Amino acid sequence: MAATLARGTTVLNNAAREPEIVDLARCLRRMGAQIEGEGTHTITVQGVDRLGGATHPVVVDRIELGTYMLAPAITGGTVECLGGRMELIGAFAERLDAAGIAIEETPDGLKVTRRNGRVNAVDVVTEPFPGFPTDLQAQMMALLCTAEGTSVLEERIFENRFMHAPELMRMGARIEVHGGTATVTGVDRLKGAPVMATDLRASVSLILAALAAQGETVVSRVYHLDRGYERVEEKLRACGATIERVQGD
């Protein structure tokens, strides 16, 4: 963004390749910027004197998309995620398919259905895009807590990103964490419990687990949620969830 109005040519090496970067470059180009290479590791920007107005549809939030895809996966049923596109979540969708979750492309988005019975255990390794997103690792762990068999999740992007594991264990999950690897052995059912959210993705992973747990779960410190999920409780209620946000003491 800074380079679009800087004098001369700017070259960004080791650039992020995520769809959000590509979408930003397309928006800036519509405003008059001269940008090449978005979606690769090298982006070249030739500065211009000024930018102009433009109309641009913002790309779907792929992490929010993946999170809501996991709701029917963990509880059963079918949900259509409007605006979803497979190219945004290819590696994630591949792991869901291996777990026994059907994903169908529709004219309006992606329809997600849990196939019969428990989901299958699958292994997950987080990687930069287009690999499995680290920001869906916690939510995927919630799903695998009730899978048939043992799953191994390897976190290669961020350190100390299994803080949600002890909270899931309060709900009856069987999880062992060793460094950057978590081993999850599926159980028949999770149980409601008071749990504490430690960050944005951990917050929503506990909500997903609670949707499938027996009894009531109270998730505290959910102020993290609003950074990444707009009106999450309203959207889940619209799909049939029994969820409400309450004021703490």
Side-chain angles (χ1 to χ4, degrees), residues 63-64 66-76 89 91-101 112 114-115 117-128 131-222 224-225 228-229 232 236 241 243:
I63 304 304
E64 185 179 28
T67 299
Y68 287 120
M69 290 174 69
L70 280 166
I74 197 169
T75 62
I89 42 85
F92 169 72
E94 187 275 330
R95 292 289 77 196
L96 277 191
D97 179 70
I101 308 302
V112 184
R114 175 168 162 175
R115 301 188 183 114
R118 291 171 63 181
V119 299
N120 306 317
V122 295
D123 294 339
V124 172
V125 178
T126 63
E127 298 175 322
F132 191 99
T134 181
D135 282 334
L136 285 172
Q137 175 260 113
Q139 301 93 305
M140 190 70 177
M141 181 183 288
L143 171 69
L144 297 176
C145 285
T146 58
E148 186 81 46
T150 299
S151 306
V152 178
L153 295 92
E154 185 177 352
E155 177 58 63
R156 293 185 178 179
I157 305 299
F158 291 117
E159 295 181 358
N160 196 29
R161 211 168 195 205
F162 290 131
M163 295 178 66
H164 46 280
E167 301 305 309
L168 289 170
M169 292 167 66
R170 292 176 184 268
M171 302 175 70
R174 295 176 59 190
I175 305 170
E176 295 182 6
V177 176
H178 298 284
T181 301
T183 302
V184 182
T185 301
V187 297
D188 291 336
R189 180 175 289 275
L190 297 174
K191 298 179 180 179
V195 292
M196 181 179 297
T198 54
D199 59 43
L200 169 58
R201 308 307 174 187
S203 301
V204 80
S205 74
L206 296 175
I207 290 175
L208 290 173
L211 293 176
Q214 186 175 33
E216 182 180 87
T217 298
V218 178
V219 184
S220 60
R221 297 180 65 185
V222 294
H224 296 288
L225 272 175
Y229 298 95
V232 61
L236 290 174
I243 178 174

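No experiment lies behind these values; they were computed from the predicted model shown.
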Please tabulate, for the side chains in residues 203-214, all donor-acceptor contacts under 3.5 angstrom to protein atoms that are two or more places apart in sequence or on a different chain.
unit_1: Ser203; atom_1: OG; unit_2: Asp199; atom_2: O; d: 2.6
unit_1: Ser205; atom_1: OG; unit_2: Ala202; atom_2: O; d: 2.7

>> Quick check: closest heavy atoms across Cys145 and Leu168, and the distance to 0.1 Å?
In response: SG-CD1, 4.1 Å
>> Walk me through whether Gln137 and Val124 qualify under side-chain contact (heavy atoms from CB on, under 4.5 Å).
In response: CA-CA 8 Å; Gln137 175 260 113; Val124 172; 5.6 Å; no
> Taking all atoms of both residues into account, what is the closest heavy-atom pair of Met196 and Glu167, and its distance?
Replying inline: N-OE1, 2.8 Å
> If you take all heavy atoms of Leu96 and Met69, which pair is closest and at what distance?
Replying inline: CD1-CE, 4.1 Å
> When rounded to the nearest 0.5 angstrom, what is the spacing between OG1 in Thr67 and CG in Leu200?
Replying inline: 8.0 Å
>> Run the side chain to side chain contact (heavy atoms under 4.5 Å, CB included) test against Asp135 and tell me which residues pass, sequence neighbours left out.
In response: Ile63, Arg161, Arg201
> Strictly by modelled atom types, are Thr183 and Glu176 linked by a side-chain donor-acceptor pair under 3.5 Å?
Replying inline: no
> Does atom CZ of Arg118 have more than 12 heavy-atom neighbours from other groups under 6.0 Å away?
Replying inline: yes
> Of the non-hydrogen atoms in Arg95 and Phe132, which two are nearest, and what is the gap between them?
Replying inline: CG-CD1, 3.8 Å
> If every non-hydrogen atom of Leu236 is compared with every non-hydrogen atom of Ala71, which pair is closest and at what distance?
Replying inline: CD2-CB, 4.3 Å
>> Run the side chain to side chain contact (heavy atoms under 4.5 Å, CB included) test against Ala182 and tell me which residues pass, sequence neighbours left out.
In response: Met141, Phe162, Ile175, Val177
> For the residue pair Ala73 and Val119, what are the closest heavy atoms and their distance?
Replying inline: O-CG1, 3.9 Å
> With Arg174, which residues qualify under side chain to side chain contact (heavy atoms under 4.5 Å, CB included), at least two apart?
Replying inline: Thr185, Val187
> Which residues satisfy the side chain to side chain donor-acceptor pair (under 3.5 Å) test with Ser151, sequence neighbours excluded?
Replying inline: none
> More than 12 heavy atoms of other residues, nucleotides or ligands under 6.0 Å from CD of Glu216: is that the case?
Replying inline: no
> Quick one: CG on Leu143 to CD1 on Ile101, what's the gap to the nearest 0.5 Å?
Replying inline: 6.0 Å
>> Looking at Ile74, is its backbone amide N or carbonyl O close enough to the side chain of Arg114 to form a donor-acceptor pair, meaning the two atoms are under 3.5 Å apart?
In response: yes
> Rounded to the nearest 0.5 Å, how far does CG of Leu70 lie from CE of Met140?
Replying inline: 6.5 Å
>> Applying side chain to side chain contact (heavy atoms under 4.5 Å, CB included), can you list everything that pairs with Glu154, at least two apart in sequence or on another chain?
In response: Val125, Arg156, Thr181
> Taking the side chain as C-beta and beyond, is there a heavy-atom pair between Val195 and His164 under 4.5 Å?
Replying inline: no
